[in-house]
Structure formats: C-alpha cells, structure tokens
Amino acid sequence: MQYALMIYNDPGRLEALSDAEREAAYAEYFALTDDARCVGGAQLQPAETATSVRVAGGRTLMTDGPFADTKEVLGGFCLIEAADLDEAIELAARVPAARLGGVVEVRPVVRR
C-alpha cells in the first residue's frame, strides 16, 4: 500500500542547527530517498512562495501565501510503499523533522 508522508516543520529550524547537525539531518533525508520503499517525494520551496487558489461564484481568487496560517508549514513530502501502517510509521519516525520540533503526517493514498 502507498502512504504519503507529509513533512511539517518550523521554518528556519534546520538553519538554526550547527553545520554538523544540519549536514547529519540532510544525510538522513537523503538516506530515506535511497530506501527502495520511497517511490517519490520532494522538498518544497518556502511557504512565502505559495499561492492559494479558490473558485467562488465562478471567479478564480488568488492569495499569496499558504492556505493556513500556522507555526508549522508543509516543507515536503515522501511517497512510500509499505506493507502496513506500522511500517509507514517506522519510516516516518526516521524523518528528521519528527524529532526537530515538526511532525510527519502519515496518510494512505487512495488507489483507483
């Protein structure tokens, strides 16, 4: 089954680490992408670059910035193949953001 690991973090948290800590965190992210169970994913540009789009009354409305104004922002995602939720959680726990003040949301992907 496929799961999306949506990675939320505090903007600037990674940059606040020492150079050695930041390099170790990046190495962990790269190790996850090298795992055969990781089938896709990407780091996102900062939340300030987002554009939110809504359609109301047949008109397209756009606003700068992310959809929600929160402390943690969606910083990236990883699409994985896992046997079950337990295996997906095990992979999510390896994401550095999970221990650096962020959170990793694990959600099954709908297959049609």
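Since the structure is predicted, the reported quantities are computational estimates derived from the model, not experimental observations.
The two atoms that bring Ile80 and Cys38 nearest to each other are CG2-CA, 4.2 Å, heavy atoms only. Nearest approach of Ala88 to Ala82, heavy atoms of both residues: N-CB, 3.8 Å.
Contacts of Asp19 classified as salt bridge (Lys or Arg N to Asp or Glu O under 4.0 Å), with partners at least two apart in sequence or in another chain: Arg22. Scanning for salt bridge (Lys or Arg N to Asp or Glu O under 4.0 Å) contacts around Glu23 gives an empty result, with sequence neighbours left out. In this structure, the side-chain contact (heavy atoms from CB on, under 4.5 Å) partners of Asp86, at least two apart in sequence or on a different chain, are Asp84. Judged as a side-chain contact (heavy atoms from CB on, under 4.5 Å), and not counting sequence neighbours, the contacts of Glu21 are Leu17, Ser18.
Taking a 6.0 Å sphere around CG of Asp34, one finds it holds more than 12 heavy atoms contributed by other residues, nucleotides or ligands.
Interatomic distance, SG of Cys78 versus CZ of Arg37, reported as 10.0 Å (0.5 Å rounding). Rounded to the nearest 0.5 angstrom, Arg99 CZ and Glu28 CD are separated by 4.0 Å. Atom CD of Gln43 and atom CG of Leu14 lie 8.0 Å apart (nearest 0.5 Å). Going from atom CG of Leu44 over to atom CZ of Phe77 covers 6.5 Å, rounded to the nearest 0.5 Å.
When side chains are defined from C-beta on, Thr51 does not count as touching Thr63, because their heavy atoms never get closer than 4.5 Å. Residues Asp35 and Leu91 meet the side-chain proximity criterion, which asks for heavy atoms closer than 4.5 Å. Residues Pro108 and Gln2 have side chains not in contact (no heavy-atom distance under 4.5 Å, counting atoms from C-beta outward).
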Let me have the donor-acceptor pairs involving side chains of residues 3-13, under 3.5 Å, with sequence neighbours excluded, atom names and distances please.
{"from": "Tyr3", "atom 1": "OH", "to": "Leu85", "atom 2": "N", "distance (Å)": "3.0"}
{"from": "Arg13", "atom 1": "NE", "to": "Leu100", "atom 2": "O", "distance (Å)": "2.7"}
{"from": "Arg13", "atom 1": "NH2", "to": "Leu100", "atom 2": "O", "distance (Å)": "3.4"}

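Other members of the hydrophobic cluster containing Val39, listed by chain and number, are Leu79, Val109; membership follows side-chain contacts under 4.5 Å among ILVMFWY residues, whether direct or relayed.
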- Applying side-chain contact (heavy atoms from CB on, under 4.5 Å), run through Met62 and Arg54 and close with a yes or a no. CA-CA 6 Å; Met62 297 176 293; Arg54 294 172 178 79; over 6 Å; no
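No continuous path of hydrophobic side-chain contacts links Val95 to Val73 [ILVMFWY only; heavy atoms under 4.5 Å].
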